[in-house]
Amino acid sequence: MQAMKLSSVSLSDEFINQIKNEVTPHWGELGWVTYKRTYARWIPEKQRTENWDETVKRVVEGNINLDPRLHQNNVDPQVISELTDEAKKLYKLIYGLAATPSGRNLWISGTPYEARNGDALNNCWFIAVRPQPYGDSHIVPEYLKKDQPAVSMPYSFMFDQLMKGGGVGFSVTKENVHKIPLVDNKVNLTVVIDKDSESYADSLKMGAIDKDDYFKNHSITDAAYYRLPDTREGWVLSNAHLIDLHFKSTNPKNQQNLVLDMSDIRPKGAKIKGFGGTASGPMPLIEMLFDINGVLNNRARRHLSSVDMTDIGNMIGKTVVAGNVRRSAELALGSADDEDFITMKQDKEKLYHHRWASNNSVAVDSQCSNYGPIADSIRHNGEPGIVNLELSKNYGRKIDGIQKDIDPNVEGTNPCGEISLSNGEPCNLFEVFPYVASQQNWDLGEAFTLGTRFSKRVTFSPYDWEVSRKAINKNRRIGISMSGIQDWILSELGNRVVTGYQDAKDPETGETIKKPIYDQRAIDKVDGLYKAVVKADKDYSDELGCNTSIKHTTVKPSGTVAKLAGVSEGMHFHYAPYLIQRIRFQDSDPLLPALKACGYHVEKDIYSKNTMVAEFPIRAAHADSKKFASAGNVSIAEQFATQAFLQTYWSDNAVSCTVTFQPEEGDQIAPLMHQYRFTTKSTSLLPYVGNEFKQAPKEPIDTKTYEKKVMQIHGDVQRVFNQLNDNHDQKGAEIIGQTDCEGGACPIK
């Protein structure tokens, strides 16, 4: 665990004011509104939310002070001086929106919550669903020894990280399924609650019973009894108790009755002081516990299937969503030949009940030759995605050739697929917008160096789970990403990455394929930046006396963060040259009056209660260029080729890409997956939906419609907001329906 902070670095008000006078943040059309709605924290003593300069100060100081040299006795004054200079550069870089850390860091870095929960700085995690020991972790059921494997452990890890706002990828491949022991016992679950609980009546509707009535007829020794404390850990442990009673190895007394007492859980609407948001009350938890118990009881004297194991994870995810400000993001990874897993979402009743909670992918290797069934499933429902673990274990960038076991412990990926991970490991992201950085005259090598050092410091957070600490201390994995790639390349080169195709032979089958031709200037640019990141990591690792990072670079989807700077998302092409972007707000959000006053169209959400939808007309950078392409018209082949370019020359982790395809392109999915089987580490696909749905998040429009809507807008939202609120706003609003990933996979924070 992290030592007590002995020295610290801070930025002066004089410096902050200097930068505010020198640098103008590169807000996109949605930038400031997205920031204010999503990342501006409430300041109690000022009775308002943060301004951008305050957010950046909090984030930078929170990060720079993770440097372990500041936690030693007799800190070298030179170290403090150098880190202060670095903090100033980082501040200028992020304030101008030439780069940002992950959305998670924007929200939580530099807060008391981060100091207590180091896990909170990481967006996403991976866990293998198999019996594992809790080890020296912050959550350990009292009936277990720390080194005792338990079926509950991966689900406790998942539940805990999801409730901290993280996304979780989890593996239910056949290798893991076969390690789950026989379900030995059925468990009789009883949930009780005191009459004086504010949640009493609602809990009874979910199946709970009056506590006094229960104990009139039962002794506390008749069952395993657990009274949940009003904490995140209490929720996690209630589920652990339930799961472990089903297995002899963790239920040596053969108890078959469990009583869970919800009397202390705070009611619906109560504030959550740490992470933020409002409580859901115990009702979603009660429903989850009965549902999970049903899955396990139905398998008594039999083994769990991959579908059962995924259902339990999805039921947990569904429950976490009820926590309002939290967003559950899960990716379930199954085996490519597991037909039940691949087709599990075809059960519409269970899909609508809980199976929506994860994106599902299958693990493949480069020997996979039959992508037909996978492609057919994708054409019908957009799943599964594919994850090539063999490539992740043995390759960094493809251009660097095979590096046998360079990343040998990889077992899965984060929910967006850009980082391959070992058991218990998180992704650790920072993002540079080279299009913006170049406009602001940054040396791109310096910008990426600052991002590298930022992410490296995150690995020194005080992580809660032993399984994570072990993986992080060994791998020190970072993921330095770039976003707005399409904007940058088109601006720098006047061209797209793929300049054409040439006929070539498949190395195994001998079949003729269309091999992409890449612009050599683009190759040189990303290759040079990759080498700058690797050098920055080595130099900083030497300073800190720690392992160099096992891998360094990635491309993340960047849905929300890219909106701040108004650039294209990750490697993706803009959705359309002109579009209406819709953002959902709680109907009490103080931003809504300012938006209406400035002429933005605001209407009720037709799908959700107490929710409003605001429309923003958006013009993509270079929308009128002859070389401009959007998701609505770029070919599926070029998207695959662009992902392969970045996997070859930039990313030694993976490249998150949601390939959009038109109906007539569906027959190209399997051949393209096969063509790039030696290059692409993960891919998902979705049909391009255009404007088929009412109040869709993105609706393509023509130039005239865009110009008409722009003419209806008047005034500056930021200025009007401050005038209406007299610089005092009410940040009780919940975050609604915004995701940080193209396919809705990752959480906003």
Side-chain angles (χ1 to χ4, degrees), residues 124-130 151-173 176-177 180 183 189 206 235-236 238-240 242-243 246 280 283-299 304-324 326-335 338-363 377 381-385 387 412-417 684 739 741 743-747:
C124 295
W125 305 77
F126 169 78
I127 193 73
V129 181
R130 58 173 179 260
V151 176
S152 68
M153 182 275 183
Y155 290 115
S156 294
F157 181 93
M158 184 188 308
F159 203 176
D160 185 47
Q161 299 298 1
L162 288 170
M163 284 204 292
K164 293 173 186 170
V168 180
F170 61 93
S171 173
V172 292
T173 56
N176 286 309
V177 173
I180 302 291
V183 180
L189 173 63
M206 302 306 299
W235 285 47
V236 173
S238 67
N239 188 49
L242 173 65
I243 291 174
H246 285 273
S280 61
M283 292 72 73
L285 177 62
I286 295 170
E287 180 184 12
M288 182 200 84
L289 292 165
F290 280 124
D291 285 345
I292 290 176
N293 195 48
V295 171
L296 292 164
N297 280 346
N298 286 338
R299 283 289 181 175
L304 292 172
S305 69
S306 61
V307 174
D308 297 324
M309 293 158 66
T310 304
D311 277 340
I312 293 172
N314 289 168
M315 289 166 179
I316 292 171
K318 174 188 173 183
T319 301
V320 172
V321 169
N324 297 318
R326 302 185 182 102
R327 285 291 173 261
S328 169
E330 298 179 341
L331 183 143
L333 182 66
S335 296
D338 188 340
E339 186 67 20
D340 289 340
F341 174 82
I342 292 173
T343 60
M344 65 182 291
K345 289 193 177 183
Q346 293 178 14
D347 185 325
K348 297 302 181 183
E349 181 179 350
K350 291 182 179 177
L351 172 64
Y352 295 138
H353 184 262
H354 61 270
R355 288 181 179 169
W356 53 264
S358 67
N359 289 347
N360 294 351
S361 291
V362 293
S377 181
N381 53 40
E383 287 189 347
V387 176
T413 180
N414 67 316
C416 291
S684 60
T739 56
C741 283
C746 272

Participant: Just wondering, do Asp340 and Met344 contact through their side chains at under 4.5 Å, heavy atoms?
Facilitator: no

Participant: Rounded to the nearest 0.5 Å, what's the gap from CG on Asn297 to CG on Leu189? Could you check?
Facilitator: 9.0 Å

Participant: Nearest 0.5 angstrom please: Ser377 OG to Gln346 CD, how far?
Facilitator: 6.5 Å

Participant: Give the table of side-chain donor-acceptor pairs shorter than 3.5 Å for residues 283-296, with sequence neighbours excluded, one pair per line with atom names and distance.
Facilitator:
from: Glu287; atom 1: OE2; to: Lys318; atom 2: NZ; distance (Å): 3.1
from: Asn293; atom 1: OD1; to: His246; atom 2: NE2; distance (Å): 2.9
from: Asn293; atom 1: ND2; to: Val187; atom 2: O; distance (Å): 3.0

Participant: Would you say the side chain of Val362 lies within less than 4.5 Å of the side chain of Asp338, judging by non-hydrogen atoms?
Facilitator: no

Participant: For the atom pair CE (Met158) and OG (Ser152), what is the distance rounded to the nearest 0.5 Å?
Facilitator: 11.5 Å

Participant: Please report the interatomic distance CD1(Ile312) to NE2(His354), rounded to the nearest 0.5 Å.
Facilitator: 9.5 Å

Participant: Give the minimum heavy-atom separation between Phe170 and Gly313, together with the two atoms involved.
Facilitator: CZ-CA, 4.4 Å

Participant: If you look at every heavy atom in Ser361 and Leu331, which pair is closest and at what distance?
Facilitator: OG-CD1, 3.7 Å

Participant: Only counting residues at least two apart or in another chain, list the ones meeting side-chain contact (heavy atoms from CB on, under 4.5 Å) with Ser358.
Facilitator: Thr310, Asn314, Glu330, Ala332, Asn360

Participant: Might you point out which heavy atoms bring Trp235 and Met163 nearest each other, and give the distance in Å?
Facilitator: CB-CE, 3.8 Å

Participant: For residues Ala329 and Leu162, report the shortest heavy-atom separation together with the two atoms involved.
Facilitator: O-CD2, 3.6 Å

Participant: Taking only Lys NZ, Arg NE, NH1 and NH2, and the carboxylate oxygens of Asp or Glu, determine whether Lys350 and Asp311 approach each other closer than 4.0 Å.
Facilitator: no

Participant: Which atom pair, heavy atoms only, marks the closest approach of Ser156 to Ala240?
Facilitator: OG-CB, 3.7 Å

Participant: Decide yes or no for Arg299 and Ser305: does some side-chain heavy atom of the first lie under 4.5 Å from some side-chain heavy atom of the second?
Facilitator: yes

Participant: Of all the heavy-atom pairs spanning Asn176 and Ser171, show the shortest one and how long it is.
Facilitator: ND2-OG, 2.9 Å

Participant: For a side chain to side chain contact (heavy atoms under 4.5 Å, CB included) check, start with the C-alpha distance between Met315 and Thr319, then their side-chain angles and the critical distance, and finish with the verdict.
Facilitator: CA-CA 6 Å; Met315 289 166 179; Thr319 301; 5.6 Å; no

Participant: Give a yes or no on whether the backbone of Val129 and the side-chain of Tyr155 come within a donor-acceptor separation of less than 3.5 Å.
Facilitator: no

